[in-house]
Student: 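Please find one structure pasted underneath; my questions will follow.
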There are 2 protein chains.
Amino acid sequence: MIATPLQTPASASVSEEVYRAIRGAILDLTLEPGSTISENALARELGASRTPVREAIQRLERDRLLFVFPQRGTVVAPLDLDEFRSAYFVRSSLECAAAAEAARLAGPADVARLRQHVDAHTAALAVADESTFFALNDAFHLEIMTIAGVPSVWSVVQNAKVHLDRVRIAHLTRASTYPLAPIVEEHRQLVAAIAAGTPDEAAAVMHAHIAKVLHRVDLLRDLRPELFEMPRELTAQIRTISGPAAAGRRLHSNDKSQ
Amino acid sequence: MIATPLQTPASASVSEEVYRAIRGAILDLTLEPGSTISENALARELGASRTPVREAIQRLERDRLLFVFPQRGTVVAPLDLDEFRSAYFVRSSLECAAAAEAARLAGPADVARLRQHVDAHTAALAVADESTFFALNDAFHLEIMTIAGVPSVWSVVQNAKVHLDRVRIAHLTRASTYPLAPIVEEHRQLVAAIAAGTPDEAAAVMHAHIAKVLHRVDLLRDLRPELFEMPRELTAQIRTISGPAAAGRRLHSNDKSQ
DNA sequence: CCACGCATACTTGTATGCAAGAACACAAAT
DNA sequence: ATTTGTGTTCTTGCATACAAGTATGCGTGG
């Protein structure tokens with residue numbers, strides 16, 4: 001059961017709201033990796049019709065958060081090592097290049113704005129909850145992209161970042177708390193490198209900053225290997241020709257009780 | 001008028017076919033930047049219903065090839081310098097990083113496969129038309145991504161590359177022919193750098209290889225500045241409150257003759 | 001006990017109807 | 001001549017009905 005029947009605040013469009021709802025449910029494991037969902041069931045739950053639900057599902061499929069098997073079903077994408085590595089590659093490459101470019105282009109006003117971000121982040125360290133903290137984190141990284149002159153690249157980074165966040169969040173709910181202070185400290189070093197106008201240094205700091213997620217995927221794989229497994233029914237994407245091989249289990253979760 | 005009523009060969013789904021048809025029409029300027037399109041008109045032309053047309057339009061909007069203004073209309077995205085620069089940034093960063101990584105990881109079998117690509121490309125130089133030549137070009141770049149261990153990153157590059165291709169194709173149809181031989185030669189140098197196992201050299205060669213598009217956008221901007229202009233009717237995305245400022249011109253192309 | 005056939009209840013893909021809003025055309029008033 | 005109101009027709013967003021395909025459950029026959 002996903003959260004609420006669409007009472008989310010800034011109502012842009014039903015489709016957008018449904019997208020955010022499902023995406024959030026996937027990220028916080030309300031919808032577990034490998035579980036099956038259905039357009040009709042989601043439409044009932046969210047109080048919308050199939051059309052906007054379907055549009056959201058197609059967006060999420062392009063985000064690689066869902067797999068749609070026509071006439072068979074739709075499953076939440078299991079965590080995947082290759083996907084994680086690709087996402088890391090994209091984020092690392094783009095953000096390091098942006099940090100270097102920002103170090104080349106940044107003027108005094110830009111550096112001042114970066115420092116404001118760091119100050120706000122430091123203040124949030126004490127009082128804010130995690131979600132707002134990470135929102136500030138995203139804002140800081142976006143600011144660097146903006147200084148580099150390519151703000152719209154941030155959306156590409158975000159699309160990749162989801163797959164890193166999935167691992168981080170899943171690991172977070174099971175393991176210890178997340179150390180937030182080092183993040184702000186690394187941001188401070190990043191600003192220093194950008195202010196100094198040293199592109200290589202900025203890229204190196206950014207690389208170290210981002211690389212800290214890398215070990216989490218291995219830890220999570222040990223903690224909860226089932227999050228990485230595709231349900232056996234859908235593993236055979238190439239249908240065996242009436243072969244009785246994949247008999248036994250059922251696809252539908254049979255949740256009529258909803 | 002877009003090409004044919006959906007007779008394209010490998011019929012995956014209506015939605016997919018419509019997507020490819022519109023995308024192709026945008027790329028080859030059958031649909032000119034800034035022109036308005038409509039779900040109903042496209043559905044009639046392509047012999048489909050609105051649903052798959054709508055799905056295709058939404059994909060193309062996420063590709064930034066269309067702008068959808070609810071209740072007002074949908075326009076083909078004009079060429080845009082910022083979009084071009086962002087796309088170049090994404091492609092350059094990812095492909096240079098991939099080339100460097102490929103230089104680190106490539107084994108003899110990988111190098112052999114790369115050489116096969118170059119040989120096939122050389123052969124195509126004499127006989128093949130441009131579209132198959134560029135298909136081989138894409139295959140080569142994908143192979144590098146594969147060797148780097150992140151094949152799925154290629155889809156990200158492709159999404160950005162569209163905006164570079166738009167400029168190249170638009171410039172191609174108006175200006176002289178495209179010199180193809182240097183491309184293959186640069187690929188050869190790239191393979192040499194990867195075979196030598198020198199990441200920095202591979203990245204440098206890749207950078208020079210990709211950077212050749214950069215000057216085209218300026219040339220095209222001089223040749224056909226109208227391709228870069230958003231129709232004035234939709235420039236005001238924030239509606240002036242019943243202000244008669246934007247009066248005069250009309251939005252709808254009024255092509256009832258179709 | 002096992003294999004096969006069939007009915008049934010699901011799935012997603014597609015078509016279509018309706019609603020809300022925006023822009024144009026035109027007539028009327030100032 | 002300019003403005004203003006109004007109706008028509010366009011636009012996209014959403015809801016819903018239908019079509020095609022798939023997996024399950026059960027009965028039947030072996």
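This is a predicted model, so every value here is computed, not measured. In the text below, chain A, chain B and the rest are named by the order of the sequence lines, each starting its count at 1.
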Student: Rounded to whole angstroms, how far apart are CZ on B:R72 and C1' on D:dT12?
Tutor: 12 Å
Student: Check the interface with nucleotides 15-17 of chain D: list each N/O to N/O pair with the protein under 3.5 Å, or write none.
Tutor:
unit_1	atom_1	unit_2	atom_2	d
D:dA15	OP2	A:S49	N	2.9
D:dA15	OP2	A:S49	OG	2.8
D:dA15	O5'	A:S49	OG	3.4
D:dA15	N7	A:T51	OG1	2.6
D:dT16	O4	A:T51	OG1	3.4

Student: Is there a side-chain contact between B:S15 and the phosphate of C:dG13, meaning an N or O under 4.0 Å from OP1 or OP2?
Tutor: no
Student: Is a donor-acceptor pair below 3.5 Å formed from side chain A:Q71 to base C:dT12, judging by atom type as modelled?
Tutor: yes
Student: Between atom CD in B:E16 and atom C1' in C:dT12, what is the gap in whole Å?
Tutor: 16 Å
Student: Quick one: B:L42 CG to D:dT11 P, roughly how many Å, whole number?
Tutor: 10 Å
Student: So which pairs with a foot in residues 129-141 of chain A pass salt bridge (charged side-chain N to carboxylate O under 4.0 Å, His left out), sequence neighbours left out?
Tutor: A:D138-A:K161
Student: A:Y19 has an atom OH; how far is it from atom P of D:dC14, in whole Å?
Tutor: 16 Å
Student: Are the aromatic ring centres of B:H121 and B:F133 under 6.0 angstrom apart?
Tutor: yes
Student: Output all residues satisfying salt bridge (Lys or Arg N to Asp or Glu O under 4.0 Å) with B:R59, sequence neighbours left out; order by chain, then residue number.
Tutor: B:E16
Student: Scan residues 143-157 of chain A for pairs that pass salt bridge (charged side-chain N to carboxylate O under 4.0 Å, His left out), counting only residues two or more places apart or in two chains.
Tutor: A:R113-A:E143
Student: Can you list the residues that meet the salt bridge (Lys or Arg N to Asp or Glu O under 4.0 Å) rule with A:E226, with sequence neighbours excluded?
Tutor: A:R224
Student: Just how far, in rounded Å, is C1' of C:dC10 from CG of A:N40?
Tutor: 9 Å
Student: A:D63: what forms a salt bridge (Lys or Arg N to Asp or Glu O under 4.0 Å) with it, not counting sequence neighbours?
Tutor: B:R62
Student: In whole angstrom, what separates B:F69's CZ from C:dA23's C1'?
Tutor: 15 Å
Student: Relative to the ring of B:H117, is the ring of B:F140 parallel (under 30°), tilted (30 to 60°) or perpendicular (over 60°)?
Tutor: perpendicular
Student: Starting at atom CD of B:E39, determine the distance to atom C1' of C:dG17, rounded to an integer number of angstrom.
Tutor: 14 Å
Student: Ignoring backbone atoms, test whether B:S38 places a side-chain nitrogen or oxygen under 4.0 Å from the OP1 or OP2 oxygen of D:dT11.
Tutor: yes
Student: Just the rounded figure in Å: distance from C1' of C:dA15 to CD of B:E55.
Tutor: 12 Å
